[in-house]
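Encoded as structure tokens, the structure appears first; notes follow it.
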Amino acid sequence: MLGKLSWAAIPLHQPIPLVASAVVIVGITAVLVLVIYKGWLPYLWREWITSVDHKRIGVMYIVLALIMLMRGFIDAMMMRTQLAVAAGSAQGYLPPEHYNQIFSAHGTIMIFMVGMTFMVGLMNFVVPLQIGARDVAFPVLNSVSFWLTAAGALLINLSLVVGEFARTGWLAYPPLSELAYSPGVGVDYYLWALQIAGVGSLLSGINLTTTILKLRTYGMGYARMPIFCWTALASNLLIIAAFPILTATLGMLLLDRYLGFHFFTNDFGGNAMMYINLIWAWGHPEVYILMLPAFGVFSAVISTFSSKPLFGYRSMIMATMSICMLSFMVWLHHFFTMGAGADVNGFFGIMTMIIAVPTGVKVFNWLFTLYGGRVRFETPLLWALGFMITFVIGGMTGVLLAIPPADFVLHNSLFLIAHFHNVIIGGVMFGAYAGYTFWFPKAFGFTLHERLGKAIFWCWLIGFYLAFMPLYILGLMGATRRMQHYSEMSWQPLMVVALVGAVIILLGIILTVVQLVVSIRARQSRKVGGDPWNGRTLEWSISSPPPSYNFIDLPQVSAPDSFWLTKQSDKPISDQHHDPDDVTPPTIPSPSAVGFVTAFFAVITGFALVWHIDWMAIMGLLCIVITWLVYAWRNSDDNEVSSQTIETFDASSAKSQTT
């Protein structure tokens, strides 16, 4: 009745997972008890869990990303600690099979549940505001997207309590991920969690692309869109094009494991190398799915804190779309060593170097924007400056790895790990923190603590260089990736330095929580108006936090940075809006539990499929279908916002800003 599930799935004989599971269960229970005791549950259900407001969904994405950041960084600390002590005759404290689970979970969580989730959250919150829209194109689908992402994250973390996680690395290469070599449920947890979260990402990509293409306000042609919206468009086009490849690839591996197919085995014509081609045909565009929104964040931050229009606006658009197209032409550089031949390797090496050109265009445009501007060194700009220095180093090491002979030497070494983290931390995480700090007052109406924000930045910057520059050196010395122990004692001092760097980054993550708590407690003294940074784009033209309908009447745009130009003119901002006679009354969609309920049954279905509990899987799928049928036969969806509601919000907002 319970398939492969038994008491043996509980890690009673493994103290580290057992203690970690107990801590997680106690923590979740304590939060639930607090919420119920304080009477917050009805409010959370009504205003957040069932909300279809893009701003609240964006905030929930970012909260989920921050929680997963803490979860994934615990794995990173365990790995760095193990490698700092497991030298020579010392074996460390992590057995090989547990260590393999940890680095697999770390990579999976950081890419899918932190990087992707953070960037989708920022795009969800900002894009409709910047294009002058009242919501995304499909608000309920947006809720479903978020809750499916959360369901995937939950399923990954369930493996900590019941069963195990994959021991195959974050991309689960066959034949190691095939049933013959991974007979446990770890790979199944990986596959079903990513399939569920991947569907959420794909739906989000479709939603945001439609929003940008179809819901721009009056006068906002493509040549007047903020650069962040351009990078969001490029990123979501890549999601639409690339994520079906991931879904199909993982689906074929599931068929191999569950039904005895042979897509990626040597039996009956299967080919493991085809999996690696397909996974990287998704995987390298995925790097730019993460990076492009970060580029948009830096464009907004640098322009705002330089008090200048972005230098080379049109060249930034061309560079963005060039990266979007070229990202599909470089995937093979991830496995130059497979033996494709000099011609194939040479082509992909050249294409990898070419894709660095539009990125270089962006860096020079940012520098020229800063040049001659009235630069304000606020925390968001510090993240942007740290990014430019760090990302250029990562880019140069990437061009080095694009040379096939060099890659043959460095491919399986810690040099590659250092390069990857150089790009992802220096690009994606710095961009995530810059956007989080920059748009936080827009979301909540008060600013984050500035001194703590700068302390967080310096912890991440210094910690990054201490943690990963030694890995470049160790890679050149011959240290391989995925190792749990090493006999070369000369490597240990650099491993200890890397651990110190990781501890400093951990301090930055802890300070992020402290900053949030301190800022909330002092929020009455940190309240700001709608435009705390003297911003340039439309989101700063409305109150902070914005009303549920965003704009009373849709604004009229006449140029890039239209809001900035309006502030420089003598014409009142209200006069810049569209003709009042042509105004459509604001409408907001009704709250919907469809997303939460769908995700709830998706977790049940995924868990049942992992453990081969057939009846539970069928029940879960049936409940998902019923949920959507009930939603399809709903009576109403949108509610028109009354003039009294608008007047009440305006009055309370004005009072709040005055206070």
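All figures in this text were calculated on a predicted structure; none of them were measured in a lab. All heavy atoms count here, side chains included; hydrogens, waters and symmetry mates do not.
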Less than 6.0 angstrom separating the ring centers of [X] and [Y], yes or no?
X	Y	result
Tyr433	Phe457	no
Trp147	Phe600	no
Phe444	Trp439	no
Phe228	Phe295	no
Phe305	Trp533	yes

- Message: If the condition is side-chain hydrogen bond (donor to acceptor under 3.5 Å, both in side chains), which residues does Trp40 pass it with, not counting sequence neighbours?
- Response: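 Partners of Trp40 by the side-chain hydrogen bond (donor to acceptor under 3.5 Å, both in side chains) criterion come out as none, since no residue qualifies.
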Could you tell me whether the side chain of [Y] reaches within less than 4.5 Å of the side chain of [X], counting heavy atoms only?
X	Y	value
Lys442	Lys55	no
Leu448	Tyr436	yes
Asp53	Ile588	no

- Task: Identify the two heavy atoms, one from Met220 and one from Gln130, that lie closest to each other, and give their separation to 0.1 Å.
- Result: CE-O, 3.3 Å
- Task: Please name the pair of heavy atoms, one in Thr447 and one in Val528, separated by the smallest distance, quoted to 0.1 Å.
- Result: CG2-CG1, 3.6 Å
- Item | Steps toward side chain to side chain contact (heavy atoms under 4.5 Å, CB included) verdict (Met119, Leu292) | CA-CA 9 Å; Met119 289 302 151; Leu292 284 168; over 6 Å; no
- Message: Nearest 0.5 angstrom please: Thr320 OG1 to Trp230 CH2, how far?
- Response: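 Spacing of OG1 (Thr320) from CH2 (Trp230) equals 8.5 Å.
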- Item | Trp628 vs Phe601, ring pair (Phe, Tyr, Trp, His ring centres under 6.0 Å): CA-CA, chis, key distance, verdict | CA-CA 12 Å; Trp628 278 95; Phe601 288 115; over 10 Å; no
- Stepwise ring pair (Phe, Tyr, Trp, His ring centres under 6.0 Å) test for Trp282 and Phe112: CA-CA 13 Å; Trp282 159 83; Phe112 291 95; 5.4 Å; yes
- Item | ring pair (Phe, Tyr, Trp, His ring centres under 6.0 Å) assessment of Phe165 paired with Tyr189 | CA-CA 6 Å; Phe165 195 66; Tyr189 265 117; 7.5 Å; no
- Task: May I have the step-by-step check of ring pair (Phe, Tyr, Trp, His ring centres under 6.0 Å) for Phe430 and Phe391, ending in yes or no?
- Result: CA-CA 10 Å; Phe430 282 22; Phe391 191 78; over 10 Å; no
